[in-house]
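Structure, as structure tokens:
The model shown is predicted, which means the values in this text are computed figures rather than measured ones.
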Amino acid sequence: MIFERYRQSVFVLPTNGVGGAEQCLKMLADYSAGSMICLQRATGSMLLPSRVSQIHILTEKSRFWGALLLVGTLLKYRRDCLLMSSTVYINGWLGLLKRIGYLKSPLVVRESTSTFLIYRGLKKITYELAYRAGYTAADLVICQTDLMREQFVQHNPFIAAEKIVVLPNPIDLKTIYDKGDNACDCANSKYICAAGRLIPLKGFKFLITAFKKIADDFPDLKLIILGDGPEKDSLLNQIEILKLRDRVILKGFIENPYPYFKNAKACVVSSSKEGFPNVLLQMMALNNHVLSTRCAGDVGKIPGIVTIEPNNSEELASGLKQVLTMKNEGIRNLFDIYLNNRNPELYLKEIYAHLQTTRQLAIKIG
């Protein structure tokens with residue numbers, strides 16, 4: 001057992017939906033034989049049942065109500081367990097419960113996005129309150145990239161810098177390879193593939209515009225976008241205006257996107273800002289032709305992918321041409337080396353090692 005020091009590992013999620021933070025924690029729960037507690041049942045697409053971890057869903061009402069119910073649910077995990085969460089409000093709530101002495105178990109919180117780049121106004125203020133209320137009690141704060149840590153330290157000087165660490169996101173390659181071999185309705189088509197929630201931050205309007213610019217040069221090529229969300233109608237209207245109805249396809253939510261990534265002529269991440277796009281790692285696992293905007297720290301350092309600036313359809317069109325015509329020599333080897341360093345088991349061992357270090361520092365300071 002990776003966390004042999006602790007009686008059990010417990011992962012607290014906002015919902016059982018398939019968001020990036022939820023998928024990451026589920027992966028870690030499976031690898032650590034832990035349990036998952038979800039504040040609220042998702043109304044849309046949900047995480048698939050796990051063979052290892054237990055999933056407890058607290059309510060079908062609001063997440064606020066779920067947060068109140070969480071207090072009682074955590075009673076049996078108050079001591080000698082490892083608690084982990086990955087969204088700011090839950091991180092802050094758990095930290096507050098630890099700060100007032102209700103929780104005695106170690107708490108690991110993971111930053112799921114670049115808060116200080118993305119949010120403004122009231123949303124940012126509420127996040128800052130969560131940082132002040134609870135993060136000081138966390139035993140470890142995990143940032144996904146060096147840039148994210150730099151911003152976090154700058155904006156939260158009241159949190160001890162030695163317990164803020166960088167751990168790149170893990171990836172479950174075996175599951176991706178296995179599911180990538182499944183059949184899908186795309187195997188005989190020529191297409192570019194993108195995936196994510198249909199929201200402005202994902203940059204799909206720029207991607208569709210960029211595709212229009214190269215459509216005549218690649219007459220047999222289509223653009224397939226996997227995912228659903230509030231921007232769907234706006235994107236459909238854009239597709240109609242650009243006369244791309246038969247060329248750009250919004251597939252909606254797809255339970256298994258991996259065959260689409262594997263069979264694509266190229267895979268694209270077009271986001272404007274991200275904490276770090278996990279879908280980029282999934283695409284790299286299955287496809288040698290990968291293009292991404294530099295939407296997060298460290299994306300520009302990934303060997304073998306084509307990178308461009310966000311929110312620029314001209315540059316995105318140029319990047320699409322480049323990635324579609326690039327040669328494969330050596331790319332697979334570069335991708336494999338990069339991805340093998342993101343093993344979930346290694347990630348959990350790194351967490352354990354950092355907890356041991358911060359515990360020793362706390363003893364010395366005490």
- Query: Can you find a side-chain donor-acceptor pair between Tyr260 and Asp185 that sits under 3.5 Å?
  - Reply: yes

- Message: If I compare all heavy atoms of Thr136 with all of Lys163, which pair ends up nearest, and what's the gap?
- Response: O-NZ, 2.6 Å

- Query: Atom CD1 in Ile351, atom NZ in Lys349: separation rounded to 0.5 Å?
  - Reply: 13.0 Å

Donor-acceptor pairs under 3.5 angstrom involving side-chain atoms of residues 81-93: please list them, not counting sequence neighbours.
unit_1	atom_1	unit_2	atom_2	d
Ser85	OG	Asn91	OD1	2.4
Ser86	OG	Arg110	NH1	2.6
Tyr89	OH	Thr126	OG1	2.7
Asn91	OD1	Ser86	N	3.3
Asn91	ND2	Thr87	O	3.3
Asn91	ND2	Arg110	O	3.3
Asn91	ND2	Tyr135	OH	2.8
Trp93	NE1	Ala67	O	3.0

- Note on the structure: dist Ile164:CD1 -> Glu150:CD (nearest 0.5 Å) comes out at 12.5 Å

- Close side-chain approach of Tyr31 to Leu28, heavy-atom, < 4.5 Å: no

- Closest approach of Leu39 to Thr59 (non-hydrogen atoms, all atoms of both residues): O-CG2, 3.0 Å

- Message: For a side-chain contact (heavy atoms from CB on, under 4.5 Å) check, start with the C-alpha distance between Leu70 and Leu94, then their side-chain angles and the critical distance, and finish with the verdict.
- Response: CA-CA 9 Å; Leu70 179 64; Leu94 292 174; 3.9 Å; yes

- When rounded to the nearest 0.5 angstrom, what distance separates CD in Glu111 from CD1 in Ile142? 10.5 Å

- Query: Can we say Glu128 and Arg132 salt-bridge, meaning some charged N sits less than 4.0 Å from an Asp/Glu carboxylate O?
  - Reply: no

- Minimal non-hydrogen separation, Ile176 against Ala285, with atom names: CG2-CB, 4.0 Å

- So do Phe218 and Lys321 actually touch side chain to side chain, heavy atoms under 4.5 Å? yes

- Close side-chain approach of Gln23 to Asn278, heavy-atom, < 4.5 Å: no

- Could you check Glu274 against Val279 for side-chain contact (heavy atoms from CB on, under 4.5 Å), going step by step and ending with a plain yes or no? CA-CA 11 Å; Glu274 296 268 6; Val279 70; over 6 Å; no

- Item | Heavy-atom neighbours of Lys212 NZ exceed 12 at 6.0 Å | yes

- Task: Give a yes or no on whether the backbone of Val323 and the side-chain of His289 come within a donor-acceptor separation of less than 3.5 Å.
- Result: yes

- Message: Run the disulfide (SG to SG under 2.5 Å) test against Cys186 and tell me which residues pass, sequence neighbours left out.
- Response: Cys184

- Message: Is there a path of hydrophobic side-chain contacts, each under 4.5 Å between heavy atoms, that joins Leu226 and Ile199?
- Response: no

- Message: Any heavy-atom pair between the side chains of Asn182 and Tyr258 that's under 4.5 Å?
- Response: no

- Message: I'd like to know if the side chain of Thr293 and the backbone of Ile308 have a donor-acceptor N/O pair within less than 3.5 Å.
- Response: no

- Query: Which pair of heavy atoms, one from Gln282 and one from Ile171, lies closest together, and at what distance?
  - Reply: N-CD1, 3.8 Å

- Query: Is Lys265 paired with Asp220 through a side-chain N to carboxylate O contact shorter than 4.0 Å?
  - Reply: no

- Only counting residues at least two apart or in another chain, list the ones meeting side chain to side chain donor-acceptor pair (under 3.5 Å) with Lys104. none

- Message: Side-chain heavy atoms nearer than 4.5 Å, only ILVMFWY residues, links allowed to pass through others: does that put Val108 and Val166 together?
- Response: no

- Query: If you round to the nearest 0.5 Å, how far is CZ of Phe261 from CE of Met283?
  - Reply: 4.5 Å

- In terms of heavy-atom contacts, does CG of Asp216 have more than 12 from other residues, nucleotides or ligands at under 6.0 Å? no

- Message: Are Tyr177 and Ile337 linked, directly or through intermediate hydrophobic residues, by side-chain heavy-atom contacts shorter than 4.5 Å (ILVMFWY only)?
- Response: no

- Message: Can you confirm whether Phe64 is buried at CZ, in the sense that more than 12 heavy atoms of other residues, nucleotides or ligands lie under 6.0 Å from that atom?
- Response: no

- Task: Would you confirm whether Asn287, through its side chain, and Ala264, through its main-chain N or O, come within 3.5 Å as a donor-acceptor pair?
- Result: yes

- Note on the structure: What one should report as the nearest heavy-atom pair of Gly304 and Ile331 is O-CD1, 4.1 Å

- Query: Are the side chain of Lys98 and the backbone N or O of Ser105 linked by a donor-acceptor pair below 3.5 Å?
  - Reply: yes

- Query: Any side-chain heavy atom of Lys232 within less than 4.5 Å of one from Leu250?
  - Reply: yes

- Closest heavy-atom pair and its distance - Asn156, Tyr131: OD1-CB, 3.4 Å

- To the nearest 0.5 Å, what is the distance between CG (Leu346) and CG (Asn341)? 8.0 Å

- Report the distance from atom CG of Asp30 to atom CG of Leu25, rounding to the nearest 0.5 Å. 11.0 Å

- Taking C-beta and beyond as the side chain, do Pro303 and Tyr338 meet within less than 4.5 Å on heavy atoms? yes

- Query: For Leu13 and Ile55, what are the C-alpha separation, side-chain angles and deciding distance, and is it a side-chain contact (heavy atoms from CB on, under 4.5 Å)?
  - Reply: CA-CA 10 Å; Leu13 293 71; Ile55 302 180; over 6 Å; no

- Does Met148 belong to the same Ile/Leu/Val/Met/Phe/Trp/Tyr cluster as Val299, with side-chain heavy atoms less than 4.5 Å apart forming each link? no

- Mark yes or no for whether Ser318, through its side chain, and Glu314, through its backbone, hold a donor-acceptor pair below 3.5 Å. no

- Short question: side chain of Asp139, backbone of Leu107 - any donor-acceptor pair under 3.5 Å? yes

- Partner of Leu316 by side chain to side chain contact (heavy atoms under 4.5 Å, CB included), out of Ile208, Thr209, Ile214, Leu291: Leu291

- Quick check: does any side chain N or O of Thr15 sit under 3.5 Å from a backbone N or O of Gly17, one acting as donor and the other as acceptor? yes

- Task: Answer yes if Ile254 and Tyr191 sit in the same cluster of Ile, Leu, Val, Met, Phe, Trp and Tyr residues linked by side chain heavy atoms under 4.5 Å apart, and no otherwise.
- Result: yes

- Are Phe335 and Arg332 close enough that some pair of their side-chain heavy atoms sits under 4.5 Å apart? yes

- Message: Test your reading of the model: is there a side-chain donor-acceptor pair from Ser271 to the backbone of Gly203, 3.5 Å cut-off?
- Response: no

- Could you check Asn16 against Glu22 for side-chain contact (heavy atoms from CB on, under 4.5 Å), going step by step and ending with a plain yes or no? CA-CA 7 Å; Asn16 60 326; Glu22 289 88 346; over 6 Å; no

- Task: Please examine the side chains of Ile225 and Leu198, heavy atoms only from C-beta on, and report whether any two atoms are closer than 4.5 Å.
- Result: yes

- Item | Side-chain donor/acceptor of Gln144 to backbone N/O of Ser112, under 3.5 Å | yes

- Under 3.5 Å, side chain of Gln40 to main-chain N/O of Lys61, donor-acceptor pair present? yes

